[in-house]
Amino acid sequence: MSEHTPHNHPDFRCRELFARMSEYLDNELDGSLCREIEGHLNECQACKVCLSTLKRTVALCREAGAAPIPETLSRRLRELIATLAKP
Amino acid sequence: MSEPTRYPIKSDPDAELVRAARADQAAAFPELVKRYERALYNFGLKMCGVASDAEDLVQDTFLNVYRYLDGFRNETKFKNWVYRIAASICIKKRRKSKFAPDRELSLDEFLPTDETAVEGDVPAWAALPLDRVLNDELRRKLQEAILALPEKYRVVLVLRDVEGFSTEESAQILNLTPANVKVRLHRARLFLRDHLKSYFDNV
């Protein structure tokens with residue numbers, strides 16, 4: 001891993017990590033690549049920040065919560081099924 | 001899309017209810033509706049952004065499930081089959097949206113362009129505990145950002161990061177390869193991240 005200053009992602013490892021960050025977060029990369037990425041993250045603050053904000057983005061999507069279903073829709077569905085079920 | 005699994009999925013939590021609905025739709029179908037109405041409504045809200053469109057999506061999805069239930073061969077989980085129908089309705093009903101013009105997202109557009117665009121420290125919105133960051137205003141901003149995504153990226157993000165489907169399941173639902181799902185998901189997440197970053201930079 002080359003030394004570089006933070007950075008406009010000119011470094012090859014930064015660009016490669018940038019392209020595969022989601023797979024890394026989703027545990028979809030093999031072990032050796034994960035270890036390589038973790039080594040890079042220890043050296044590169046910019047990539048670390050990038051990964052943290054991406055990870056938080058995913059967490060916000062997962063935790064944003066669900067809206068309740070409108071009672072009018074539930075009623076509409078029940079009526080629809082009753083109509084469909086009529087012989 | 002990869003070939004569907006040949007053998008019935010054995011661990012489908014809906015299998016028994018689906019069997020009951022096949023035998024007597026009037027008796028068991030309402031329970032299937034109850035099981036998925038809220039999830040599908042929220043999927044519709046994320047995809048359409050308008051409550052009335054989300055309601056139409058739920059109704060159309062259940063209509064199709066009702067009609068084609070006999071043709072469901074347990075080659076996938078019932079839930080995945082239902083979402084496949086819902087996603088397909090969304091795509092068919094695609095309208096040109098002023099919020100989300102159809103376009104490709106490229107990885108390069110999300111790379112920081114100069115050193116000033118690179119943050120030195122993890123920003124507070126990514127470092128603080130989640131419950132201290134997530135509030136109603138942020139939920140609204142997140143929803144706006146999701147709606148601003150071009151549809152083909154939005155549907156992948158919603159399935160993976162909101163609904164919690166795996167890469168393989170999302171690929172099956174959308175008739176895409178897993179690799180394609182991964183590419184679209186990553187670009188969609190970067191798009192959202194940039195929106196959230198802009199929001200927090202201006203708070």
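Being a predicted model, the structure only gives us computed values, none of them experimental. Note on naming: letters A, B, ... go to the chains in the order of the sequence lines (proteins, then strands), and numbering restarts at 1 for each one.
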Give the table of side-chain donor-acceptor pairs shorter than 3.5 Å for residues 18-25 of chain A, with sequence neighbours excluded, one pair per line with atom names and distance.
residue: A:R20; atom: NE; partner: A:E23; partner atom: OE2; Å: 3.3
residue: A:R20; atom: NH2; partner: A:E23; partner atom: OE1; Å: 3.3
residue: A:S22; atom: OG; partner: B:H186; partner atom: ND1; Å: 2.7
residue: A:S22; atom: OG; partner: B:R189; partner atom: NH1; Å: 3.1
residue: A:Y24; atom: OH; partner: A:E38; partner atom: OE2; Å: 2.6

Original post:
Measuring heavy-atom distances to chain A, does B:L192 have an atom under 4.5 Å in its side chain, in its backbone, in both, or in neither?
Top reply: both
Subject >> Engaged part of A:R76 at the chain B interface, taking heavy atoms whose separation is under 4.5 Å >> reply: side chain
Original post:
Once you round to the nearest 0.5 Å, how far does CG of B:L142 lie from CG of A:L60?
Top reply: 6.0 Å
**OP:** Take B:Y41 and A:L77 through the test side-chain contact (heavy atoms from CB on, under 4.5 Å) and record every step on the way to the result.
**Re:** CA-CA 12 Å; B:Y41 176 66; A:L77 293 171; over 6 Å; no
Original post:
By a 4.5 Å heavy-atom criterion (distance strictly below it), what part of A:L54 contacts chain B: side chain, backbone, both, or neither?
Top reply: both
Subject >> side-chain contact (heavy atoms from CB on, under 4.5 Å) evaluation trace for A:R56 with B:L130 >> reply: CA-CA 8 Å; A:R56 179 48 60 93; B:L130 200 60; 3.4 Å; yes
**OP:** First locate atom OG of B:S166, then atom CG of A:D26, and finally report the distance between them rounded to the nearest 0.5 Å.
**Re:** 10.5 Å
Subject >> Contact class of B:E37 relative to chain A, heavy atoms under 4.5 angstrom >> reply: both
**OP:** Please state whether the side chain, the backbone, both or neither of A:T72 comes within less than 4.5 Å of a heavy atom of chain B.
**Re:** side chain
**OP:** Please answer whether the main-chain N or O of A:A66 pairs with a side-chain N or O of B:N42 as donor and acceptor at a distance below 3.5 Å.
**Re:** no
Subject >> Option in B:R67, B:E55, B:R139 with maximal non-hydrogen atom pairs under 4.5 Å from chain A >> reply: B:E55
**OP:** Pick one of side chain, backbone, both or neither for B:V183, based on which atoms fall under 4.5 Å of a heavy atom in chain A.
**Re:** neither
